[in-house]
Amino acid sequence: MLYEQRTYYIIPGRMEAMLNRFRDHTITIFAKHNMKVTNFWVDADESKNRLYYVLEHQDEAARERNFQAFLEDQEWLDLRHRTEQDGPMYEKIEIAYMHIAPFFQTE
């Protein structure tokens, strides 16, 4: 299994809109493309305007295939256009790819 941690640096004043977009739409579109969100977090220090989540992928090839399908999905393109009419929602995204450490199996 490949885990992808994404950290979004949200533009001040846009956090609620970003959370609403994920909650109401994006997670559902992810699921349509076999992209499972394992958890979501917001920074405990609200002044940092950071959002974190982890996606679970079968492997790197599945990640690339599924994410590309997501990026080309007309529902996503329409949603992004609609929710970013007032400008972008984030400044940057940092991504880390991870595997579970061999000594820490949860199953």
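Residue numbers start at 1 and run along the sequence shown.
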Problem set entry | Working for side chain to side chain contact (heavy atoms under 4.5 Å, CB included), residues N49 and Y9 | CA-CA 6 Å; N49 290 314; Y9 292 77; over 6 Å; no
Exercise. Are W41 and M98 connected, step by step, through hydrophobic side chains (Ile, Leu, Val, Met, Phe, Trp, Tyr) whose heavy atoms are closer than 4.5 Å?
Worked result: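 Yes, because W41 and M98 connect within a single hydrophobic cluster, where side-chain heavy atoms sit under 4.5 Å apart.
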Problem set entry | Where at least one partner belongs to residues 16-32, residue pairs that pass salt bridge (charged side-chain N to carboxylate O under 4.0 Å, His left out), sequence neighbours excluded |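 Salt bridge (charged side-chain N to carboxylate O under 4.0 Å, His left out) check on residues 16-32 returns R21-E84, K32-D73, K32-E75.
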Problem set entry | Residue pairs involving residues 60-70 (criterion salt bridge (charged side-chain N to carboxylate O under 4.0 Å, His left out); sequence neighbours excluded) |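 For residues 60-70: E4-R63.
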What is the minimum heavy-atom distance between [X] and [Y], and which atoms define it?
{"X": "H33", "Y": "A69", "value": "ND1-CB, 3.5 Å"}
{"X": "I27", "Y": "F40", "value": "CD1-CE1, 3.7 Å"}
{"X": "E91", "Y": "P12", "value": "OE2-CD, 4.0 Å"}

Problem set entry | 4.5 Å side-chain heavy-atom contact, K36 and M1 |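 No, their side chains stay 4.5 Å or more apart.
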Problem set entry | Check: L77 and H81 side chains under 4.5 Å, non-hydrogen atoms |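 Answer no - side chains too far apart.
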For this session: Could you list the residues that satisfy ring-ring contact (aromatic ring centres under 6.0 Å, His included) with Y90, not counting sequence neighbours?
Result: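 In terms of ring-ring contact (aromatic ring centres under 6.0 Å, His included), with neighbours along the sequence ignored, Y90 is linked to Y8.
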For this session: Could you tell me which residues satisfy ring-ring contact (aromatic ring centres under 6.0 Å, His included) with F67, sequence neighbours excluded, listed by chain and number?
Result: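 Checked F67 against ring-ring contact (aromatic ring centres under 6.0 Å, His included); matches are F70.
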For this session: Could you pull out all residues at least two apart from Y52 that satisfy side chain to side chain donor-acceptor pair (under 3.5 Å)?
Result: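 Partners of Y52 by the side chain to side chain donor-acceptor pair (under 3.5 Å) criterion, ordered by chain and then number, come out as D43, R50.
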For this session: Sequence neighbours left out, what passes salt bridge (charged side-chain N to carboxylate O under 4.0 Å, His left out) with D78? Give chain and number order.
Result: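 D78 satisfies salt bridge (charged side-chain N to carboxylate O under 4.0 Å, His left out) with no residue once adjacent residues are dropped.
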Exercise. Rounded to the nearest 0.5 Å, how far apart are CD of Q5 and OH of Y97?
Worked result: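 Answer for the CD-OH pair, Q5 versus Y97, is 11.5 Å.
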Problem set entry | Side-chain (R6) to main-chain (L55) donor-acceptor, under 3.5 angstrom |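 No: the side chain of R6 does not pair with the backbone of L55.
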Exercise. Just wondering, more than 12 heavy atoms not from E72 lying within 6.0 Å of its CD?
Worked result: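 Buried by this count: over 12 neighbours within 6.0 Å.
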